[in-house]
Peer 1: 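For reference, the structure I am asking about is given below.
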Amino acid sequence: MKKIDAHAHVGYFGSWCDVGLTAREMVDAMKAYDIEKSIISYPDVNVTLAALTEYPDRFAGLPWMDPNREGAAADFAALADRHKLSGLKLHPLFNAYTANDPVVFPLIEEARKRNLPVFIHSGHPPFSLPWSIGQLAEEFPDVRIVMVHMGHGHGIYIQAAIDVAAKHDNIWLENSGMPMHTKIREAYNRVGGGRLFWGSDAPFHHYAVEILRTEVSGLSESQLEDVFYNNIRKFMGW
Ligand SMILES: [Zn+2]
């Protein structure tokens, strides 16, 4: 079944992570797993831009912005106007802020002006909890927000991700790294079939594992096609 990867990273992550894929390695893996395109981000935007230049048909890119950095909104605006970028990436855990902190708002405003979606990491206390993302969604009802990892590895946060998305129709869920296959079908049914995307979070997780979890979630073939391919394509306007 053909796929689009809604969440992946080209580049090397050091420190405790010690994982990485070059653009070339990712494209080879994508071919092996029938993945047409991947939406990528990396803390250094130049890594993302280089991958986009090398494989413009295989990658869509999100600049990973740190709202705590002086001038982040202006930098994002300049990047978005100069390059073909597909949204904004925020990682509240990595950069230490909550999604609904006013420090984030100038970046969201710039995304809103350009009708670009905002992809936000979720699943770790205290910064990346689904409820904070819900509060941001409430503050900006006309901005499309993707809750990356839909609560990640913690059952209570996974449940909250589904609850929060069910309440806010400007939240979409992405399921990489989320261990409970049962919650994929539950999210499809409760949040709405169109608001759930498959992602790998490569290189943090193996494609085979991430694909299998969605395949065994209990969704029908046509529902799987939505999650693996149709939904993100429609969402991104591709
Ligand atoms: Zn990630």
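Just so you know, ligand 1 is whichever comes first in the structure, and atom 1 is the first atom listed for that ligand.
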Peer 1: Is Lys37 reaching over with its side chain to a backbone N or O of Ala60, donor-acceptor style, under 3.5 angstrom?
Peer 2: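 No, the answer is negative, given that no donor and acceptor are paired below the 3.5 Å cut-off.
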Peer 1: Do the charged groups of Arg24 and Asp28 touch, with an N to O distance under 4.0 Å?
Peer 2: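 Result for this pair is yes, salt bridge flagged.
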Peer 1: Would you mind telling me which of Phe13, Phe59, Tyr12, Phe94 makes a ring pair (Phe, Tyr, Trp, His ring centres under 6.0 Å) with Tyr42?
Peer 2: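 Exactly one option meets the ring pair (Phe, Tyr, Trp, His ring centres under 6.0 Å) with Tyr42, and it is Phe13.
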Peer 1: Count the heavy atoms of every other residue, nucleotide or ligand shown that sit under 6.0 Å from CZ of Arg185, and state whether that count exceeds 12.
Peer 2: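 Incorrect, the count does not exceed 12.
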Peer 1: Test Leu88 against every option in Ile145, Leu116, Leu62, Val118 by the side-chain contact (heavy atoms from CB on, under 4.5 Å) rule and name the one that passes.
Peer 2: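 With Leu88 as partner, side-chain contact (heavy atoms from CB on, under 4.5 Å) holds for just one option, Val118.
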Peer 1: Could you check whether any side-chain heavy atom of Arg213 comes within less than 4.5 Å of a side-chain heavy atom of His181, counting everything from C-beta outward?
Peer 2: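 Side-chain contact under 4.5 Å: yes.
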Peer 1: Around the Zn ion (ligand 1), how many protein N/O/S atoms fall inside 2.8 Å?
Peer 2: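 Of the protein's nitrogen, oxygen and sulfur atoms, 3 lie under 2.8 Å from the Zn ion (ligand 1).
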